[in-house]
Amino acid sequence: MNLEKLGRIQDIMREMTDQGFVSGASCLIIQHGEEQCYYETGYRDIAAEHSMTRDTIHRLYSMTKPVTAAAVMILLEEGRIDLQDQVSDYLLGFRNQYVIEQGVIVPVKRPITIQSLLNMTSGLTYPGEGSPAEIRCDKLIEEVKDKLLTDQALTTVEIANRIGKLPLAFIPGTTWQYGLSADVLGAIVEVVSGMRFGDFLKQRIFEPLGMNDTDFYVPEDKQERLAKVYQESEGRLVEETECHLGIQNQMKRRPAYESGGAGLCSTIDDYAKFTQMLLGMGSYRGKRILSSRTVEYMTTAHVTPAQRRGVETWESLQGYTYGNLMRIMDSPEEAAGLGSRGEYGWDGWLGTHMVNDPAHDLTLLIMQQKTCSGTTAYTRRIRNVLFSALED
């Protein structure tokens, strides 16, 4: 690794804050188990002038998904689930699924399976306006948000069963669309394990790895370390307080809804322990979470060519295929920047970004808290510096 080249990343990050693109950000690069660089810039709280630090707690949003996939893989290893199991075997709300075609309800003969949830080929969507499925999903998430901080808050399993009653965007298995699949997987983990999803994650992943700042909420004694969320408005950053996707913004209490797709918060060092476990083929500092064969399966693409055409509708996924809630690069020549065949990872709505590159035994983590910033031009610029700094 050319460390002199890596220093350019600090310049890029300063530019991000100087230009007002983000309030603050941090970046960690690890190779062969050794930290190569760590950079931070700006503030986690502008008004209070609290600087971004490496113990800052960030809302992961969709970077929760790889953790959920690992939880499912634990159940797979133990023989407690089969990937071809129908979701309706665990959640009764998934019986009698249907799509709406030209205003007509059409039952689907192909059921949603655990594997179709892992590969986002289930037909489930996120809220939107592009189809009856997205519109109905939006109404459900609004109800979740309305009840979120009340005594009537919907639980992980209750929400999953409600998701199962929504129309599908397409017949399961026919294409790929990003949606609430990982949230349903979290509920399946609850049903199979007999534990709350967060308790399962803590017992089977977080505590063994020493991820002490990772959870679905931030207790009072850690609240000062929780970064504020910002959005761009009229050319400046303003604080955002919306509970996006039904995830509490202030994270002050353990939620009834522990979202497998978006609910976790963590620090850059905590999440690095998870990524290092995956690069270590299931083991980190003597603690084995998954077998090497399971990690190999988990980090391999599983979508068909027809399904991949759905993946390719995302500009940020040029050169990537998909499997087990993560992007996997299989065509570097098609990507919009430098990368490595076989690298995998994901990002989050607020700008958290993860890359694991097995070919170079490399992890990249970026943490920031700005809305709609999963993969940006700055993200790609940082990636380009990193991959150009690799010395074969």
Side-chain angles (χ1 to χ4, degrees), residues 1-31 34-46 49-63 227-232 235-237 240 266-269 271-272 275 314-320 327 329 332 335-340 343-357 360-392:
M1 185 77 70
N2 186 322
L3 299 182
E4 184 177 351
K5 274 192 174 183
L6 286 184
R8 174 63 183 140
I9 293 174
Q10 179 74 86
D11 298 332
I12 294 171
M13 292 175 62
R14 286 199 191 100
E15 180 183 336
M16 292 167 67
T17 52
D18 290 348
Q19 296 295 321
F21 181 76
V22 293
S23 63
S26 59
C27 176
L28 175 63
I29 294 172
I30 301 171
Q31 188 178 37
E34 299 292 332
E35 181 175 317
Q36 301 300 304
C37 65
Y38 169 79
Y39 302 114
E40 62 191 34
T41 185
Y43 296 102
R44 66 170 175 246
D45 184 335
I46 296 173
E49 296 187 345
H50 290 161
S51 297
M52 181 66 69
T53 56
R54 67 188 299 161
D55 68 347
T56 295
I57 298 173
H58 300 263
R59 301 158 194 80
L60 296 178
Y61 271 88
S62 288
M63 226 161 71
K228 298 292 186 183
V229 175
Y230 296 94
Q231 65 171 326
E232 188 173 338
R236 65 188 186 91
L237 294 175
E240 170 63 67
S266 186
T267 64
I268 199 166
D269 284 319
Y271 205 88
T275 61
W314 280 34
E315 183 177 336
S316 64
L317 293 180
Q318 295 175 29
Y320 291 95
R327 61 176 182 267
M329 181 174 278
L338 302 183
S340 181
E343 64 154 271
Y344 59 87
W346 200 241
D347 51 47
W349 177 66
L350 294 179
T352 57
H353 189 89
M354 164 217 172
V355 175
N356 263 5
D357 177 9
H360 299 96
D361 195 15
L362 175 70
T363 287
L364 165 68
L365 289 173
I366 302 170
M367 295 286 194
Q368 53 192 8
Q369 297 282 266
K370 180 188 174 186
T371 60
C372 304
S373 298
T375 296
T376 68
Y378 284 113
T379 307
R380 289 189 290 273
R381 286 169 62 182
I382 290 170
R383 283 175 48 92
N384 288 340
V385 171
L386 169 60
F387 282 100
S388 69
L390 289 171
E391 297 179 332
D392 295 327

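Asp55 pairs by the side-chain hydrogen bond (donor to acceptor under 3.5 Å, both in side chains) definition with Thr53, not counting sequence neighbours. Applying the side-chain hydrogen bond (donor to acceptor under 3.5 Å, both in side chains) test to Asp45 and every residue at least two apart in sequence or in another chain returns nothing.
Listed for the Asn384 side chain is a donor-acceptor partner under 3.5 Å among the backbone atoms of Leu338. Judged purely by atom type and a 3.5 angstrom limit, Thr371 has no side-chain atom pairing as donor or acceptor with the backbone of Gln231. The backbone N or O of Met367 sits nowhere less than 3.5 Å from a side-chain atom of Tyr271 that would complete a donor-acceptor pair. The backbone N or O of Glu34 sits less than 3.5 Å from a side-chain atom of Gln36, completing a donor-acceptor pair. In terms of modelled atom types and a separation under 3.5 Å, the side chain of Thr379 and the main chain of Ala377 share no donor-acceptor contact.
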Practice problem: Give the intermediate values and the outcome of side-chain contact (heavy atoms from CB on, under 4.5 Å) for residues Ile46 and Tyr230. | Solution: CA-CA 10 Å; Ile46 296 173; Tyr230 296 94; 3.6 Å; yes
Practice problem: Please step through side-chain contact (heavy atoms from CB on, under 4.5 Å) for the pair Ile12 and Arg8, ending with a clear verdict. | Solution: CA-CA 6 Å; Ile12 294 171; Arg8 174 63 183 140; 4.0 Å; yes
Quiz item: Where do Thr363 and Ile29 land on the side-chain contact (heavy atoms from CB on, under 4.5 Å) test, with the steps shown first?
Solution: CA-CA 6 Å; Thr363 287; Ile29 294 172; over 6 Å; no
Self-check item: Stepwise side-chain contact (heavy atoms from CB on, under 4.5 Å) check, Leu362 with Glu343
Solution: CA-CA 9 Å; Leu362 175 70; Glu343 64 154 271; over 6 Å; no
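Separation of atoms CG (Leu28) and OG1 (Thr275) is listed at 8.0 Å; rounding is to 0.5 Å. Rounded to the nearest 0.5 Å, atoms CZ (Arg327) and CD (Gln318) are 13.5 Å apart. Rounded to the nearest 0.5 angstrom, Leu365 CG and His58 NE2 are separated by 10.5 Å. Taken to the nearest 0.5 Å, the CG atom of Leu317 stands 7.5 Å off from the OG1 atom of Thr375. Ser23 OG to Met16 CE: the interatomic distance, rounded to the nearest 0.5 Å, is 9.5 Å. One distance of note links SG of Cys27 with NE2 of His353; it measures 10.0 Å at 0.5 Å rounding.
Taking the side chain as every heavy atom from C-beta outward, Met13 and Ile382 approach each other to under 4.5 Å. Using a 4.5 Å cut-off on side-chain heavy atoms (C-beta onward), Glu391 and Lys5 make no contact. Ser373 is not listed as a side-chain neighbour of Val22, based on a closest heavy-atom distance of 4.5 Å or more. At a threshold of 4.5 Å between non-hydrogen side-chain atoms, the residues Ser26 and Arg54 do not count as touching. In this structure, the side chains of Thr352 and Gln368 stay at 4.5 Å or more apart for every pair of heavy atoms.
The one candidate from Arg44, Glu40, His50 that meets the side chain to side chain donor-acceptor pair (under 3.5 Å) condition with Thr56 is Arg44.
Here the shortest heavy-atom pairing between Leu6 and Tyr39 reads O-OH, 3.4 Å. Taking every heavy atom of both residues into account, Glu15 and Tyr378 meet most closely at OE2-OH, 3.5 Å. Considering every non-hydrogen atom in both Leu390 and Gln31, the closest pair reads CD2-NE2, 3.6 Å. Considering all non-hydrogen atoms of both residues, Ala25 and Met52 come closest at O-CG, 3.6 Å. Residues Ser340 and Phe387 come closest through the heavy atom pair CB-CE2, 3.7 Å.
Using a 3.5 Å distance cut-off with no hydrogens or angles, the side chains of Gln369 and Arg59 do pair a donor with an acceptor.
Within a 6.0 Å sphere centred on NZ of Lys370, other residues, nucleotides and ligands contribute more than 12 heavy atoms.
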